[in-house]
Structure formats: C-alpha cells, structure tokens
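What follows is a short report on a single structure.
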Protein chains: 2
Amino acid sequence: MQAPMANLTPRQTEILQFIEQRLRAEGYPPSQRDIAEHFGFAQNAARDHLQALARKGEIEISPNDARGIRLLREQTPPGLPLLGRIAAGAPITAPSNAEHWLELDPGLFQPRADFLHRVDGDSMIDAGILPGDLVGIHAQSEAENGQIIAACLYEPRGGFERITLKRYRRKGSVVTLHAENPRYEPIVIDLAQPAEDQEAAPFRIAGIMGGLLRTGAPR
Amino acid sequence: MQAPMANLTPRQTEILQFIEQRLRAEGYPPSQRDIAEHFGFAQNAARDHLQALARKGEIEISPNDARGIRLLREQTPPGLPLLGRIAAGAPITAPSNAEHWLELDPGLFQPRADFLHRVDGDSMIDAGILPGDLVGIHAQSEAENGQIIAACLYEPRGGFERITLKRYRRKGSVVTLHAENPRYEPIVIDLAQPAEDQEAAPFRIAGIMGGLLRTGAPR
DNA sequence: AGGACTACTGTTCGTTTGAACAGTACTTGT
DNA sequence: ACAAGTACTGTTCAAACGAACAGTAGTCCT
C-alpha cells in the first residue's frame, strides 16, 4: 500500500534534493527553468525529470501551475523508533521492529539516540531509571567500563532477543552486567569460554544510553 | 531590531492566512490571481495587499518570480521553553524567562507540558529524578494530594522566585511539600496563618509534573 | 536484436503570471 | 483641510512558465 521508496537514479535524487533545498531556502518550489539553469541543461530535461519523479511517486505536479510541485515523501519529521522485542538476527536498528515512532529530536540525547527502548523492570531504579521510562540508545557495538548499555540477550524460550539495560564492566575476557538494584544479581559472561551450553552468542551490545524520557509523572 | 508584529488590518490578516493555508495544502504559495479569485477581487488588489504585507514585514516578495512569496513570521516550531529563575511577579509561562527552547513535542508528556524545568538538586532522587534532569511541567495552579508539583518559592535573599520540585500533600489548611530524599526535611505551610514573618506569599503552585527528559547517561 | 528507460537538445506555442499606470471611494491621523 | 493609508476596479504588456512535438545517445534487460 505504501509507496515503494526510491529506485531513484542518482540524477533524479539530485534533482529531488535540489527541489527540497530550494523549498526550504525560498519558501516556494523552483520552476522547471530554475532547475534546468541550476544543472546546466535545457528546460525539457527538467520537465522529463519531474515527470519521472512524479511517476515514481516522489512528487505531484499540478498541471499548468507555475512551480506546481508538491513533495509527497517529504519531511521525515525527525523522530525516533520505539523498539520492542527484537527478532533474533534482525539488525537492531531495523525500523520494522518499531512499536511506535515518536516525534523527538535524536540530538536531544547525548550521544545522539538512534532508537528508544521501553524499560520494563525496576532493575535500574538506583540509576533513576524507572519501569516504563523510554531510554534513548545510541547504537554501537562496544562500550566503556561503567557505561549503561542496552544489552541484547537471547531468550531461550521464545527464540527472540530482548533488550535489557545494564551497567557494563569488563575485566579481561570477563564481562559483568550489573543491575542498579541490590535485589538483582549481576550477569557474568566469560567471552573466553564460548558456546558452553548456549547455542548462539548469549549477549551483545546494542548500544549505549544517551538519555531518558519519562512520559508521565510517577504515581 | 525585531519586527513589530502586526498592526495588520483584518483584511490583510485574512490574506496572510489564506497564503499560509494554501502553502500547507498545496506545498507552494498561491499566485496573485489565485488570491484575487479566492476573495473575489481583481488581481491588482491582491498585489496591493501583498505589497502592504511585505512593507509590514510579514512576507518577502521575489520580484518577477511566479508565486514568489516567502513567509517571514511563520512557523513556531512546536517546542518547549526551558525556564530558569523566575523574576518575582512575572508569569511563569512568560517565554521571556526562557533559558533555551527545545524542539520537543509538548504532547509527549502527560499531562501535556507547557514548559521545562531543570532539576538542580538531589531532593527528588527517590522518585527517579536526578540533578540535571529536565522535567516537563503542565502549568496549573492547583494540585491533588500525592502529585509532584513545581512549587514556586520566594527566595528572600535575591528577590526572585525559584522553582522546586516537591510532592504535594494538603490536609485542611496545612500544605506539606515533601522531598523524595530522607536527607531533606519537608516544608510545612499553614495557609490559615498568612503573612507571619514573610512579606509575600511564600509559595504557589506553578504546575504539575508531566514527565521527564534526561539528556545524557548518568555518570 | 528489440523494447523500455534514462538523460538529455532544440524549438514552438499558449497560458500564467507579475508589473505598471491610471483612477475611485472611504477612513484615519495631524 | 490635507496627506497617508486602505481597499479596491480596469487595462495593458512583457517576462516567466508549463506543455507539446521531434530527435539523439546510452544503458539495461530478456
């Protein structure tokens, strides 16, 4: 049902970007001749490109209207996907896993967030992270000691991966994932002793915490 | 230096709104004849209005460009002011007090936030609110028992008001403002005994907490 | 080998559009 | 009482603009 995104050619992408840029800069779209002049070709080349873009669903053309170009696939309103359970093997950042999209500037977090993760336990309560909080995660596969990470743990029953927030600490080949709650035991993983009784890699770093959004007051 | 907002006539406001509406709906501005046709007058009347709007700084006209209308005073990108210290007497929501504006959807918070407040102590740490957190506040002057409120307290030395986060509780005429940290004593205020040794109202409710944004990981 | 698509040039045509000039009627401030 | 601004009508003109037709060269698919 949705539009099949772009099998746009590089040239067509250039032209689309030019239109977007001019729209932002001027407040109104360029004319066909504006486009032609900018790229150094004839007006009809611009027209051909516009028709190609229209055919591919990127723009809509109002016949006989000067500058009658409407962007269809426009603003990706800067937002963040809220990721739920992760299908095993699928890349973390795959937006197909998104539960919701929140209109939230990724740059508000530090480091900038790539996705959000909803906390579902009280295991990090002593770090001021409550159940239901949305944590901004910067996707990266390594972490420094003491950082709070989104750990991707394989769930044996169910066959999916789950993201859990833990404080990361590594000494040699031994990784410890600490909860910030005395009622939880730390998880200890020795990277030098692989496979053991688990089938797949039991653990990987999905990213590091860059901040937190709580959408409501505590009860 | 800034533009003096509008001493726009009602008619000019109508025309400006029409331009904005068309820009949203079509993606490009109307031509002078579009405007004339919509309002039922001649093209030159539209032109006169555009020149008046340009003279008053509402729009900019690109000469000889079809639909060459650029809105100047346009989008207030939906955001939230981050309020610092409040000058005594000034209304809380006065954006002149804003330290910064964050591009953040007020509707992310529940109830919807009117402004943000930066927490500067650890007095609410047991509610998962850490120093440096930005709390979304819904401006209202009353609260229910148990809600976390932004309390406006008068600072005797300095002559300004300061916002502090407290848990609100009221029994009859006695209001108690609890910290969520055993190291802090609750503030008790009896509304039935006014003035006492303080000059102004020592306390008022600025709003209730609707959520929280933490822009960075805890150290 | 042929069809479809991309990426252009070149020219012509008719409409859309902004610009300019001239004029009317009413209101508001000094 | 006069100047300035608002809110229009009416006409004319040239530039800007979209549309159409014809054609070339290259790539990619089957």
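Predicted, not measured: the structure shown is a model, and the values here were computed from it.
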Is there any protein nitrogen or oxygen under 3.5 Å from a nitrogen or oxygen in nucleotides 24-30 of chain D, and what are the pairs?
none

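- The environment of B:Glu37 atom CD is sparse: at most 12 non-hydrogen atoms of other residues, nucleotides or ligands sit within 6.0 angstrom.
- Taking a 6.0 Å sphere around CD of A:Gln110, one finds it holds 12 or fewer heavy atoms contributed by other residues, nucleotides or ligands.
- Atoms CG (B:Leu53) and C1' (D:dG5) sit 14 Å apart, rounded to a whole Å.
- Taking B:Asp48 as the reference, nothing meets the salt bridge (charged side-chain N to carboxylate O under 4.0 Å, His left out) condition, with sequence neighbours excluded.
- For the segment residues 30-44 of chain A, the set of residues with a heavy atom within less than 4.0 Å of an atom of DNA chain C comprises A:Gly40, A:Phe41, A:Ala42, A:Asn44, in numerical order.
- The two residues B:Asp114 and B:Ala139 have their closest heavy-atom pair at OD2-N, 2.8 Å.
- Mapping heavy-atom proximity under 4.0 Å, the span of DNA chain C touched by chain B runs 5' to 3' from C:dT17 to C:dC21.
- Within 4.0 Å of B:Asp48, counting heavy atoms only, lies at least one base atom of the nucleic acid.
- For A:Glu14, the CD atom counts as densely surrounded, since its 6.0 Å shell holds more than 12 non-hydrogen atoms of other residues, nucleotides or ligands.
- Rounding to whole angstrom units, NZ of residue B:Lys56 and P of D:dA4 are separated by 17 Å.
- Partners of B:Phe18 under the ring-ring contact (aromatic ring centres under 6.0 Å, His included) rule, at least two apart in sequence or in another chain, are B:His38, B:Phe39.
- Residues A:Ile137 and A:Ile163 fail the side-chain proximity criterion, which asks for heavy atoms closer than 4.5 Å.
- A 4.5 Å side-chain heavy-atom check between A:Leu104 and A:Phe109 finds at least one atom pair inside the cut-off.
- Atom CG of A:Leu50 is separated from atom C1' of D:dA19 by 12 Å (rounded to the nearest Å).
- With sequence neighbours excluded, no residue satisfies salt bridge (charged side-chain N to carboxylate O under 4.0 Å, His left out) with A:Arg170.
- Contact between the side-chain N/O atoms of B:Thr9 and the OP1/OP2 oxygens of D:dG5 is not found at any separation under 4.0 Å.
- Map B:His49 and A:Ile61 each onto its nearest nucleotide of DNA chain D; the residue landing nearer the 5' end is B:His49.
- Counting heavy atoms from C-beta outward, B:Arg214 and A:Arg214 have side chains that approach closer than 4.5 Å.
- Inter-residue side-chain proximity for B:Tyr28 and A:Ile69 is flagged as unmet; no heavy-atom pair is nearer than 4.5 Å.
- At D:dA16, none of the side-chain N or O atoms of A:Arg67 fall inside 4.0 Å of OP1 or OP2 (strictly under the cut-off).
- Distances shown here put every side-chain N or O of B:Arg55 at or beyond 4.0 Å from the OP1 or OP2 atom of D:dG5.
- Using a 4.0 Å heavy-atom cutoff across all strands shown, B:Ala66 reaches sugar-phosphate atoms only and no base atom.
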